[in-house]
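Protein chains get the first letters and strands the later ones, always in sequence-line order, with residue 1 at the start of each.
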Amino acid sequence: MSVARNITLGLAATALGSMTLAGIAAAQDRDLTVVGWGGSYQDQQGIAYFEPFTEETGIPILEESFNGGLSNIMSMVETDSVVWDVVQLEDPELQRACQQGYLERLPWDEIGGRDDFIDGGSSECGAGTIVWSIVNAYNTDEVEGTPSGWDDFFNVEEFPGKRGLRRGAKFNLELALMADGVAPEDVYETLSTEEGVDRAFAKLDELKEHIQWWEAGAQPPEWVASGDVAMTTAYNGRIDKAQTEGQPVDIAWEGQIYAIDSWAIISGTSNKDEAVEFIKYVSEPENMSRLQQHIAYGPTKEAAFESVPEEMAPRLPTAPDNLEGALLNSTEFWVDNQERLDRRFNAWASQ
Amino acid sequence: MAATTADLKQRLRRTERRRRLGSLGLFAPSVIFLLIFFALPIALMLYRAVQNPEVANTFPESMAAIQQWDGEGMPGEPIVAEFAQELRDARDERQLSAPGRRLDYEIAGYRGLLRATAFGLPDEEPEASWTETLIGIDPRWEETQYWQALKENASPFTLDYVLTALDLEWAEDGGLQWVSEHQAIYLDLYERTLWMAFVITLAALLLGYPIAFLMTNSSRRVQGILLVLVLLPFWTSLLVRTASWMVLLSRSGPINTLLVNLGLTDAPLELLYNRFGVYVGMIHILLPFMIMPLYAVMRGIPHSHMRAAASLGAPPLRAFRRVYLPQTMPGIAAGCLLVFILAIGFYITPALLGGNEDQMISYFIAYHTNETLNWGLAAALGVILLLMIFVLYAIFTRLTGTGRIQMGT
């Protein structure tokens, strides 16, 4: 028995030892970890940014992806086990995380200054990477006619079929109000009142039984292309990508909700120098605009607009035609209200 | 002589004890394993559901002092001064996020208030009083509710999470009340979870019983084939089986294509992202857990019993009802209990095959663990789920008799 015990102890010790060793090794030489939003977008980021960066600087990149939100980052920082370095964030999350100390303040001198960025494209903790938007995407085989605007999205009689919406309060409340006749410039003012929020949920109620909720950005293009849903909200670039690949999908631009995504560095990372190097690299206009050869998200620097391919320009959220009736997603509103409205959204959605 | 007998007895007893210790030693690894990986996490979860350290730990001195405050108006200057200084320390040590999040559950916007105030505080002693300084930074500090929220969270334990998990909240007068309908969510979810588990158990029983019967009463060859057919999916990963159902049930999937091509329906049916999809997936995944105990029990029932019943004049249905069915009760009980309890805790299958209206309680446990990071609430939901299982188990064993549950023969 003592032999058996010795063996057991030995095994346990070896297992523990190797686990600790693996842990230490992981902590020490983790490659620069860049976290994007997955799917076709991140594939293009790989071609436009990650591979050339590694080639030029010799710094290898480990790619990860997530569906937004701050929970991963918060738990990493709070438990002091940061395994991501650079992460792409939506603006409200970026500002909240920055205020609460979950992100490093960017050394703007090293990166090259904030002056070249468009309005709202740079901040204390974030360097803008794309202008993107939530658009109404529809299947051209399933939908007869051309829908335009969010009231057609809610019109299941004229345009029958399921609807895809992103799970959560953000974007859905705005587009529900626009569908209910609120002008884009009045949307956030209306949402600031309790009646406005009630009105948005009441509008969503009409559509509720037809909704199929998505979380990952790669889901809606797939659903709408296969006809699982007739219309869906989606990130414009991915729909554009599906369209150029010959899928039966199209975008109804009216009422698009556009926003800026930024790169940020997670507080306490062990790869800060490499992370800064990466952000500096992708913020150079000539590097930045390489993405627009591949996917229809707009650049965040004026200088980068110049090298956007001619056939891509009208497909960006910032093209003048597309900006008609568009709504700029309000960072301020969502910084203050997201948690409260998400709670209400969850109670509403699960009933 | 007597001494030797006593000696012998003692030695015998010692050997006996050593042997017993030895056999206990053999158990020890599994007991320790159970304690560390089963009992301890559950204990921690129970603890987490009532634990409330964020505010008390971050502002220890002022929270001890605020207990003396009567809850009217604002606390006195000494308490406010102590609080302001501890707030400043917390800011310098970047400890604001935990208490901020905790207090934000009480009053929306508290996190921002705490942060703005912390960064607005002067580094030296202010010329005016600390009370005026705080109000100068944000007039909300004049409101009693913000101080009451602090006082309520000054104790290291709270019932808030458990109450929230039951859709309850404290009323103004200190009693309990239901939360408003915009926030109420969990009671419906428990009810839905139980109902779905019940439907799934019933369906698994109705489907599994004939299969188990067939397995017991067919030739050895057929028995082998049936067994493999039951076990093969059982050995396949849960995730793979769920994903396969996503493919099968989708609008453009094989089932819909077949139905449309056969002309049975005009448009593809909605089979996925609704209750139907969840039921199909879960029943399929849980069916082996019903069949195996049934099969084990049925194999122990001699064929002669049914023949005897027939020879005594019972028609087949009656013989089945009076003779066969009662003997399979232990298997039915075991299968139902197993399927029901597993179904209550299901997460990934409803998450992938169901819509928002088809999620079970585990979805929200995961949601609060991963998304909102409200681990207290996640733990409280888990505790209630655990209690529910205990109660159901007690009722079940009472109904069927403890000794009747049997996993094999």
Fill in the blank from the handout: Turns out that what part of B:Glu270 lies under 4.5 Å from chain A's heavy atoms comes down to side chain
Handout entry: Region of A:Asp198 in contact with chain B, defined by heavy-atom distances below 4.5 Å
Key = side chain
Problem - Heavy atoms from other residues, nucleotides or ligands near CD of B:Glu169 exceed 12 (cutoff 6.0 Å) - result: yes
Problem - Atom pair CD/CD of B:Glu357 and A:Gln351 - distance to nearest 0.5 Å - result: 10.0 Å
Problem - Listed partners of B:Thr15 passing side-chain hydrogen bond (donor to acceptor under 3.5 Å, both in side chains), at least two apart - result: none
Exercise for the section: Give a yes or no on whether B:Glu93 atom CD has more than 12 heavy-atom contacts from other residues, nucleotides or ligands under 6.0 Å away. Expected result: yes
Problem - Positions in residues 205-230 of chain A that reach chain B, provided some heavy atom is under 4.5 Å away - result: A:Lys208, A:Gln212, A:Trp213, A:Glu215, A:Trp223, A:Ser226, A:Gly227, A:Asp228
Handout entry: Residues, nucleotides or ligands: over 12 heavy atoms within 6.0 Å of A:Asp80 CG
Key = no
Practice task
Under 4.5 Å heavy-atom distance to chain A, tell me which part of B:Ala184 shows up: side chain, backbone, both or neither.
Solution key: backbone
Problem - More than 12 heavy atoms from other groups under 6.0 Å of CD on B:Glu181 - result: no
Practice task
Flag yes if more than 12 heavy atoms outside B:Glu143 fall under 6.0 Å of its CD atom; otherwise flag no.
Solution key: yes
Completion exercise
Note: B:Ile185 and A:Asn346 closest approach over all heavy atoms is CD1-O, 3.7 Å
Practice task
Under 4.5 Å, heavy atom to heavy atom: which of residues 363-378 of chain B reach chain A? Give them by number, or say none.
Solution key: B:Tyr363, B:Phe364, B:Tyr367, B:Asn370, B:Glu371, B:Leu373
Exercise for the section: Flag the one option from A:Met74, A:Arg167, A:Arg340 with the top tally of heavy-atom pairs under 4.5 Å to chain B. Expected result: A:Arg167
Handout entry: Heavy atoms of other groups near A:Glu332 CD, more than 12 under 6.0 Å
Key = no
Practice task
Just give me the residue among B:Asn274, B:Leu189, B:Asn356, B:Asp358 that pairs up with chain A most often, heavy atom to heavy atom, under 4.5 Å.
Solution key: B:Asn356
Practice task
Output every pair passing salt bridge (Lys or Arg N to Asp or Glu O under 4.0 Å) with a member in residues 99-114 of chain B, not counting sequence neighbours, ordered by first then second residue.
Solution key: A:Glu78-B:Arg101, A:Glu339-B:Arg111, B:Arg102-B:Glu106, B:Arg102-B:Asp160
Problem - Close side-chain approach of A:Gln99 to B:Phe119, heavy-atom, < 4.5 Å - result: no
Practice task
Give the minimum heavy-atom separation between B:Arg251 and A:Glu142, together with the two atoms involved.
Solution key: NH2-OE1, 3.6 Å
